[in-house]
Amino acid sequence: MNEEQSLWSWSHAWAALPQLIEGFLTVTLIVTVLGSAIAAVLGLVIALVRRTAPRPVAGIVTFVMNFVRMTPIVVQLLFVYYAFTSVPPLTLGIIIFGIHYATYMAEVYRAGIEAVPRGQWEATTALSMSRRRTWTAVVIPQAIRSTLPALGNYVVSMFKDTPFLAVITVTDMVRAAQLYGGSNFRYIEAITLAGIFFLIASYPTSLLIRRLEKRVAYAS
């Protein structure tokens with residue numbers, strides 16, 4: 001049995017590698033980094049609006065947040081892809097991933113804010129601190145610190161969801177593996193390497209998050 005007839009071909013594995021690396025660096029990594037940044041900031045804004053805005057405004061934000069959370073990200077990607085045809089698909093993907101995961105991170109921030117001890121709020125009142133300073137100097141720093149491990153888990157989830165970008169024609173790492181397989185009739189090598197890339201990137205991150213959880217628990 002020659003290499004072409006065997007289940008695994010090292011020559012095809014090496015040939016597919018550059019396309020996979022390009023898909024990882026130019027799409028998968030960029031979407032994860034920029035999407036996470038958008039989700040982290042927007043999630044905090046959503047949490048603060050729900051906590052401090054008048055009830056009608058907070059209700060509208062909560063409705064929109066629940067709507068986004070209750071619909072699949074694939075549907076959201078396809079909707080914006082067909083609705084905003086003049087915007088580059090990669091840009092749309094980054095925005096949708098950021099908005100989608102912001103709704104989940106908002107809940108994490110909410111839990112972190114509610115976990116701030118009542119004594120901290122009473123102390124800021126006793127010190128006559130302004131509402132703005134109470135949030136920026138006391139509440140938000142503590143809330144973010146306690147929620148970092150949970151936020152990290154959502155970043156990992158976003159990283160593993162990036163293959164959904166293929167539905168809007170964005171060539172991420174998995175799509176690059178499919179394209180290589182389709183043009184060479186060899187899928188196993190490229191798909192396997194894509195899985196190894198995800199494992200190599202995700203596993204150290206999960207270990208870092210676990211260490212962070214222990215440090216936060218110890219500090220608490």
Side-chain angles (χ1 to χ4, degrees), residues 3-43 65 67-105 151-209:
E3 192 177 36
E4 290 296 327
Q5 295 174 323
S6 62
L7 182 63
W8 180 268
S9 167
W10 282 107
S11 61
H12 281 289
W14 287 115
L17 194 56
Q19 298 176 38
L20 298 183
I21 293 175
E22 182 181 359
F24 177 78
L25 294 177
T26 61
V27 175
T28 305
L29 191 60
I30 288 178
V31 171
T32 302
V33 172
L34 297 182
S36 299
I38 294 173
V41 175
L42 184 58
M65 188 185 78
F67 179 80
V68 173
R69 293 179 64 184
M70 298 297 176
T71 52
I73 193 169
V74 173
V75 174
Q76 295 164 18
L77 287 168
L78 287 172
F79 176 81
V80 298
Y81 177 68
Y82 291 116
F84 302 98
T85 53
S86 61
V87 181
L90 179 59
T91 303
L92 291 176
I94 293 170
I95 294 173
I96 289 301
F97 268 76
I99 294 174
H100 185 84
Y101 275 91
T103 61
Y104 291 96
M105 291 188 179
L151 296 178
N153 286 326
Y154 280 120
V155 172
V156 174
S157 295
M158 184 189 299
F159 174 65
K160 291 189 290 186
D161 280 351
T162 51
F164 287 135
L165 291 166
V167 300
I168 58 171
T169 71
V170 175
T171 306
D172 74 310
M173 185 169 53
V174 175
R175 180 60 180 159
Q178 288 181 308
L179 291 175
Y180 180 86
S183 59
N184 295 277
F185 303 103
R186 295 288 308 201
Y187 289 92
I188 292 296
E189 294 82 2
I191 294 296
T192 302
L193 288 176
I196 292 174
F197 267 98
F198 276 105
L199 177 64
I200 292 174
S202 298
Y203 187 64
T205 306
S206 65
L207 292 179
L208 181 63
I209 292 172

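Side-chain atoms are counted along with the backbone in the values below, which use heavy atoms only and exclude waters and symmetry mates.
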Taking all non-hydrogen atoms of both residues into account, name the closest pair between Leu165 and Val31 and its distance.
-> CD1-CG2, 3.7 Å
Can you name the residues that form a side-chain hydrogen bond (donor to acceptor under 3.5 Å, both in side chains) with Thr71, not counting sequence neighbours?
-> Gln76
Spacing of Leu78 atom CG and Phe164 atom CZ [to the nearest 0.5 Å] = 11.0 Å
Distance from Ile191 atom CD1 to Met173 atom CE, nearest 0.5 Å?
-> 10.0 Å
Less than 4.5 Å apart, any side-chain heavy atom of Val27 and any of Thr162?
-> no
Gap between atom NE2 of His100 and atom CG of Leu77 - 0.5 Å precision | 9.0 Å
Minimum heavy-atom distance between Trp8 and Ala13, given as atom pair plus value = CZ2-CB, 3.7 Å
So CD1 of Ile168 and CD1 of Ile96: to nearest 0.5 Å the spacing works out to 8.0 Å
Could you tell me which residues satisfy side chain to side chain contact (heavy atoms under 4.5 Å, CB included) with Glu22, sequence neighbours excluded, listed by chain and number?
-> Thr26
Acceptor/donor pairs from residues 196-205 side chains to any protein atom, 3.5 angstrom cut, sequence neighbours excluded:
unit_1 : atom_1 : unit_2 : atom_2 : d
Ser202 : OG     : Phe198 : O      : 2.9
Thr205 : OG1    : Ala201 : O      : 2.8

List for me each residue that meets side chain to side chain contact (heavy atoms under 4.5 Å, CB included) alongside Ala39, sequence neighbours excluded, and say none if there are none.
-> Tyr101, Ala102, Met105, Met158
Which pairs count as ring-ring contact (aromatic ring centres under 6.0 Å, His included) when at least one residue sits in residues 70-89, sequence neighbours excluded?
-> none
For Ile95, side chain to side chain contact (heavy atoms under 4.5 Å, CB included) partners two or more places apart | Thr91, Ile99
Going from OG on Ser9 to CD1 on Ile188, what distance comes out if it is rounded to the nearest 0.5 angstrom?
-> 12.0 Å
Nearest 0.5 Å please: distance from the CG atom of Leu20 over to the CD atom of Glu189.
-> 11.0 Å
How close do Thr103 and Met65 get, heavy atom to heavy atom, and via which atoms?
-> CB-CG, 3.5 Å
Do any pairs count as a side-chain hydrogen bond (donor to acceptor under 3.5 Å, both in side chains) and have a residue in residues 165-177, sequence neighbours left out, and if so which ones?
-> none
Mind listing the closest non-hydrogen atom pair of Val174 and Pro163 along with its distance?
-> CG2-CG, 3.6 Å
Set of side chain to side chain contact (heavy atoms under 4.5 Å, CB included) partners for Ala15, sequence neighbours left out = Tyr180
Does Arg186 use its side chain to pair, donor to acceptor, with the backbone of Ala16 at less than 3.5 Å?
-> no
